Amino acid sequence: MGRIALIAVLLFILVLYIRPLTGYYGTWKEAKHKRAEVQQLQRENKELRARRAALSSPKALEQEARRLGMVKPGEKAYSLKGLPKGE
């Protein structure tokens, strides 16, 4: 009876140690995922900053506006359908 009680107490203590370890592992895994997400966002931020800098000149800004289909006041806009897209 004494051995069974000792084994039960040791198992209980083991469970008390294992439970926090699973929590630590889950937190570590989540932190790893968040670090990867932060790196991806930093790369995206860098690309967007470069794009913003590239669009700072009036000529580049006009080219982007025309790519989006905008026209200057007084110009006529034409829409051609069925043509292959230029790469």
Side-chain angles (χ1 to χ4, degrees):
M1 186 69 167
R3 287 183 183 173
I4 294 174
L6 180 62
I7 291 173
V9 169
L10 289 176
L11 286 176
F12 179 71
I13 291 173
L14 185 63
V15 167
L16 290 176
Y17 276 101
I18 290 176
R19 237 175 183 191
L21 290 178
T22 58
Y24 293 141
Y25 177 72
T27 303
W28 175 79
K29 205 167 146 182
E30 184 179 347
K32 182 180 176 184
H33 175 70
K34 294 296 182 186
R35 281 191 293 272
E37 187 178 340
V38 165
Q39 287 177 347
Q40 172 63 28
L41 290 172
Q42 286 174 337
R43 280 192 298 271
E44 186 178 332
N45 189 13
K46 185 178 179 182
E47 291 170 5
L48 290 173
R49 286 181 187 271
R51 183 158 167 76
R52 183 184 69 182
L55 290 175
S56 64
S57 73
K59 183 170 176 72
L61 193 58
E62 181 181 349
Q63 285 177 345
E64 182 66 16
R66 291 195 179 274
R67 187 185 70 78
L68 294 172
M70 297 179 182
V71 294
K72 290 183 177 181
E75 290 182 338
K76 290 185 179 181
Y78 295 96
S79 177
L80 302 175
K81 296 184 180 182
L83 296 176
K85 289 187 176 184
E87 295 296 323

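All heavy atoms count here, side chains included; hydrogens, waters and symmetry mates do not. Quick caveat: nothing in here was measured; it's all calculated off a predicted structure.
Annotation: the span from Leu6 atom CG to Leu11 atom CG amounts to 9.5 Å, rounded to 0.5 Å. Remark: Leu48 CG to Leu41 CG distance equals 10.5 Å, nearest 0.5 Å.
Summarising the local packing, CG of Leu10 is surrounded by more than 12 heavy atoms from other residues, nucleotides or ligands at distances under 6.0 Å.
Sequence neighbours left out, the pairs with a member in residues 27-43 that pass side-chain hydrogen bond (donor to acceptor under 3.5 Å, both in side chains) are Gln40-Arg43.
In terms of the salt bridge (Lys or Arg N to Asp or Glu O under 4.0 Å) criterion, residue partners of Arg51 (sequence neighbours excluded) are, by chain and number, Glu64. In this structure, Glu47 has no salt bridge (Lys or Arg N to Asp or Glu O under 4.0 Å) partners at least two apart in sequence or on a different chain.
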- Task: Apply the test side-chain contact (heavy atoms from CB on, under 4.5 Å) to residues Arg66 and Lys72: give CA-CA distance (whole Å), side-chain angles for both, the deciding distance (0.1 Å), then the verdict.
- Result: CA-CA 9 Å; Arg66 291 195 179 274; Lys72 290 183 177 181; 3.6 Å; yes
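Between Leu55 and Ala60, the closest heavy-atom pair is CD2-O, 3.6 Å.
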